[in-house]
Asks: 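I am attaching a structure below and will ask some questions about it afterwards.
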2 protein chains.
Amino acid sequence: MARPRQFDEEQVIRAVRDQFWDAGYAATSLEDLVRVSGLGKGSLYGAFGDKHRLFLRALREYTDTSGGYLREMLTSAPRALDALRAFVMAPVNDPGGAAARRGCLMANSTYELATSDPDVLAEARRTYEATTAVVAESVGRAQDEGDLPRDVDPVETARALLAAQQGLVFMGRTGLDIDTLTATARTLAAKLLPDA
Amino acid sequence: MARPRQFDEEQVIRAVRDQFWDAGYAATSLEDLVRVSGLGKGSLYGAFGDKHRLFLRALREYTDTSGGYLREMLTSAPRALDALRAFVMAPVNDPGGAAARRGCLMANSTYELATSDPDVLAEARRTYEATTAVVAESVGRAQDEGDLPRDVDPVETARALLAAQQGLVFMGRTGLDIDTLTATARTLAAKLLPDA
DNA sequence: GGTTTGGTGGACCGTACGGTCAATAATTGC
DNA sequence: GCAATTATTGACCGTACGGTCCACCAAACC
């Protein structure tokens, strides 16, 4: 055997992910990555490959983590309708609005890179489809529980909810104050998820 | 007097705007701008200043133009409710879905630069507020025409419609096919703008 | 403890970028 | 036609970037 790694791979990926999240892909230099990871350039390359592969790895970490949160959010509430409300409200579920201003790493990356980077586009589609599927499942449950009308297509409703949520994320990125954003989130939730 | 300009300023700005629109700010090099404008580097600098100022100029051209389209769209329909439907459906109002994939230059720029560029953030807020205002005006008209209930706040409704529209733009950027996107747009319009 | 294996880190490299500048060209007023 | 003024061009510059490489080092096995 030989010398073992002196760093925690997951910890480095999380630090790198946060850097990309805050500054975007192009605006993050290798020097930034060296700084936040605490590793040297050589180690970074040896362990993760070049900047692009490192970014994809960080992006995957993000989608895995937030995918986990999403499943938890959708299954933890006693009633599926409440879980769907929480899903729409998620972008404003942060007192200071810091999360709203930071936005969603997947959305940020899609806007920055989807037209030029097939790997990012593929990851975006994968995440989008997975999210639609799990939300649609909750819509179905809400129907079973008698909280949503039976005459709507769960997948179609899920897409509308996802669009609403991402629209809120966009408005958060424009720096809209958190109170106004919260009010809009409530309006959207009320219109798309009527009590009937 | 001296030698006159040999190019049409507006034409150059539009070409530059399209380049930024397709590739984003960071991914557009000065060489790209020279190519699409047909001017030399020096001329570009002499006429418009550096890359950042040129970008702001192109962005302003975009917001002015699409602001004009917006006003036209909202005032041309006989009934304000139809105009609001058209507003929500605007991102999919393109047969091939090319416009949907390209997205909105203002949104693209907000996602790429809002956290690091105060000028872009300010322009985003300005555009966002102007759009909210004109849409809210149409919501008020729809209320006057008896097509929307009186008990909703026009500004709040306008924000929800804008969020829905931008959510559709996001889904278009993930490469979602135009038919599915159109269906989702219809769902959102139906839920947010009931016939009653 | 010697040898082997792989990790580490920073010096180094080529390049492509944004930006500058000086020489030249085109127009106007006299 | 000459002077004055401004547009045009592309060669040129400094720099910061992503990426490579190699000398050194630490653990593991015999």
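Worth saying up front: this structure is predicted, and the values here are computed from it rather than measured. Note on naming: letters A, B, ... go to the chains in the order of the sequence lines (proteins, then strands), and numbering restarts at 1 for each one.
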Asks: Rounded to whole Å, please give me the gap between CD in Q6(B) and C1' in dA26(C).
Replies: 7 Å
Asks: Tell me which residues in residues 11-19 of chain B put a heavy atom below 4.0 Å from DNA chain D, sorted by number, or none.
Replies: none
Asks: Could you tell me the separation between the CZ atom of F7(A) and the C1' atom of dA26(D), rounded to a whole number of Å?
Replies: 15 Å
Asks: I'd like to know if V120(B) and F48(B) are part of one continuous hydrophobic network [Ile/Leu/Val/Met/Phe/Trp/Tyr, side-chain heavy atoms within less than 4.5 Å].
Replies: yes
Asks: Does R60(A) come within less than 4.0 Å of E10(A), counting only side-chain N to carboxylate O?
Replies: no
Asks: Using whole Å, what does the distance between atom C1' of nucleotide dT9(D) and atom CG of L44(B) come to?
Replies: 12 Å
Asks: Do V139(B) and L84(B) come close enough that some side-chain heavy atom pair is under 4.5 Å?
Replies: yes
Asks: Would you mind building the protein contact string for nucleotides 18-23 of chain D? One character per nucleotide, 5' to 3', B for base within reach (heavy atoms under 4.0 Å), S for sugar-phosphate only, - for untouched.
Replies: BBBB--
Asks: Is it the case that one hydrophobic cluster holds both L162(B) and V88(A), taking links as side-chain heavy atoms less than 4.5 Å apart, direct or via other members?
Replies: yes
Asks: Give the cluster check for V12(A) versus V36(A): same hydrophobic cluster or not, with ILVMFWY residues linked at side-chain heavy-atom distances below 4.5 Å.
Replies: no
Asks: For Y25(A) and F20(A), take the angle between the two ring planes, folded into 0 to 90°, and tell me which bin it lands in: parallel under 30, tilted 30 to 60, perpendicular over 60.
Replies: parallel
Asks: Start with the C-alpha distance between E137(A) and R71(A), add both sets of side-chain angles, then the distance that settles salt bridge (charged side-chain N to carboxylate O under 4.0 Å, His left out), and finish with yes or no.
Replies: CA-CA 11 Å; E137(A) 199 184 310; R71(A) 279 170 196 279; 5.6 Å; no
Asks: Give the cluster check for V135(A) versus M106(A): same hydrophobic cluster or not, with ILVMFWY residues linked at side-chain heavy-atom distances below 4.5 Å.
Replies: no
